[in-house]
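Right, one structure below, let's go through it.
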Protein chains: 2
Amino acid sequence: METAQIRTAIAALAAEMAAHGHDRDDPAREVMGLLGDRWSTLILLVLATGEWRHAELRRTLAQLSAEQAISQRVLTLKLRTLERDGFVFRKISADVPPRVSYGLTPLGRDLHGEARRLIDWINARAPAIRTARASFDSAED
Amino acid sequence: METAQIRTAIAALAAEMAAHGHDRDDPAREVMGLLGDRWSTLILLVLATGEWRHAELRRTLAQLSAEQAISQRVLTLKLRTLERDGFVFRKISADVPPRVSYGLTPLGRDLHGEARRLIDWINARAPAIRTARASFDSAED
DNA sequence: CTGGATCCAGTTTGATACTG
DNA sequence: CAGTATCAAACTGGATCCAG
């Protein structure tokens with residue numbers, strides 16, 4: 001690109017970002033970071049099936065994950081973050097002892113659907129990505 | 001959920017993941033992590049406009065980001081990762097001195113489109129998310 | 001200009017133990 | 001059972017210097 005073109009391109013990009021509602025404290029960056037972390041998308045997947053108690057959810061995540069189990073502490077942290085953004089609700093029963101359950105809000109259900117679409121798209125391209133990686137890795141000597 | 005229901009739910013989730021092509025080394029987790037990091041989606045946005053040289057790209061990213069500029073080192077790292085997965089190409093001219101340009105492959109162009117859809121969805125819900133956060137933060141005493 | 005090498009700081013995740 | 005506190009480990013991003 002030439003200097004004048006770059007200036008034009010930057011202006012166009014800035015305008016496009018503005019038109020899509022980007023501004024400096026928009027939550028897109030943070031939510032994308034959340035979806036990109038180690039556990040949140042899997043938590044959404046499980047909670048999409050109904051309401052789960054903390055310990056149940058923890059055991060289930062361990063079953064579904066190829067890697068090691070989520071720690072109690074990290075599960076609490078992730079649920080708090082999802083709850084704060086309005087994607088997950090936390091319900092405490094009046095029983096003795098009280099039962100704490102988690103589930104998806106309507107917004108969380110929609111988020112899960114949208115994220116799922118992207119994840120499925122990536123999985124569908126997994127062969128192409130693996131091929132690209134193999135080619136890159138073998139070319140670097 | 002009751003114990004039997006949990007068993008059923010886990011089985012259903014595992015089957016669903018398998019049906020969607022999940023397996024333990026699928027790249028979805030890594031690509032989502034990439035899209036959730038600090039710079040990759042912005043890099044895709046800029047590269048979607050054409051071919052850019054390293055230094056041009058770095059300056060442009062600085063213009064578009066509210067935060068501080070990307071470091072030279074991190075830009076190289078991010079471009080390498082995107083290139084390895086087949087989303088970005090790297091072209092070296094035969095000139096002296098050689099010019100190095102980066103751009104999107106067809107796969108990268110598609111990824112950008114898919115990711116953009118999710119980001120736009122989140123931005124469209126930004127008011128709801130901000131409201132949820134304010135309510136959560138004020139309720140926690 | 002591109003980008004590798006070092007060194008460093010902040011954040012995220014995990015292990016363990018403890019409280020109500 | 002749910003959640004917190006503390007400590008340790010790993011990872012990410014950044015600053016600086018240097019080489020082709």
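Comparing the helix axis at one end of the helix from C:dC1-D:dG20 to C:dG20-D:dC1 with that at the other, each defined from 5 consecutive pairs, gives an inter-axis angle of 30° (nearest 10°).
DNA chain C lies under 4.0 Å from at least one heavy atom of each of the following residues of residues 68-80 of chain B: B:Gln72, B:Arg73, B:Thr76, B:Arg80.
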Verdict with reasoning, B:Thr41 to B:Ile119, per side chain to side chain contact (heavy atoms under 4.5 Å, CB included)
CA-CA 9 Å; B:Thr41 55; B:Ile119 292 169; 3.9 Å; yes

Would B:Val74 and B:Trp39 count as a side chain to side chain contact (heavy atoms under 4.5 Å, CB included) here? Give the steps.
CA-CA 9 Å; B:Val74 174; B:Trp39 294 105; 4.1 Å; yes

Derivation of the salt bridge (charged side-chain N to carboxylate O under 4.0 Å, His left out) call for A:Asp37 and A:Lys78:
CA-CA 10 Å; A:Asp37 76 12; A:Lys78 294 302 169 190; 2.8 Å; yes

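By the 4.0 Å N-to-carboxylate-O rule, B:Glu30 lies close enough to A:Arg133 to be salt-bridged with it. Ion pairing between a basic and an acidic side chain is recognised when a charged N comes within 4.0 Å of a carboxylate O; A:Arg53 and A:Glu56 show no such pairing.
Residues B:Val100 and B:His54 are not in side-chain contact: their nearest non-hydrogen atoms beyond the backbone lie 4.5 Å or more apart.
Considering CG of A:Leu34 and CG of A:Leu111, their distance stands at 8.0 Å, rounded to 0.5 Å.
Between A:Tyr102 and D:dG3 there is a side-chain polar atom (N or O) within less than 4.0 angstrom of OP1 or OP2.
Along DNA chain C, the stretch of nucleotides lying under 4.0 Å from any heavy atom of chain A spans, 5' to 3', C:dT13 to C:dA17.
With rounding to whole Å, A:Ile92 atom CD1 is found 11 Å from D:dG3 atom C1'.
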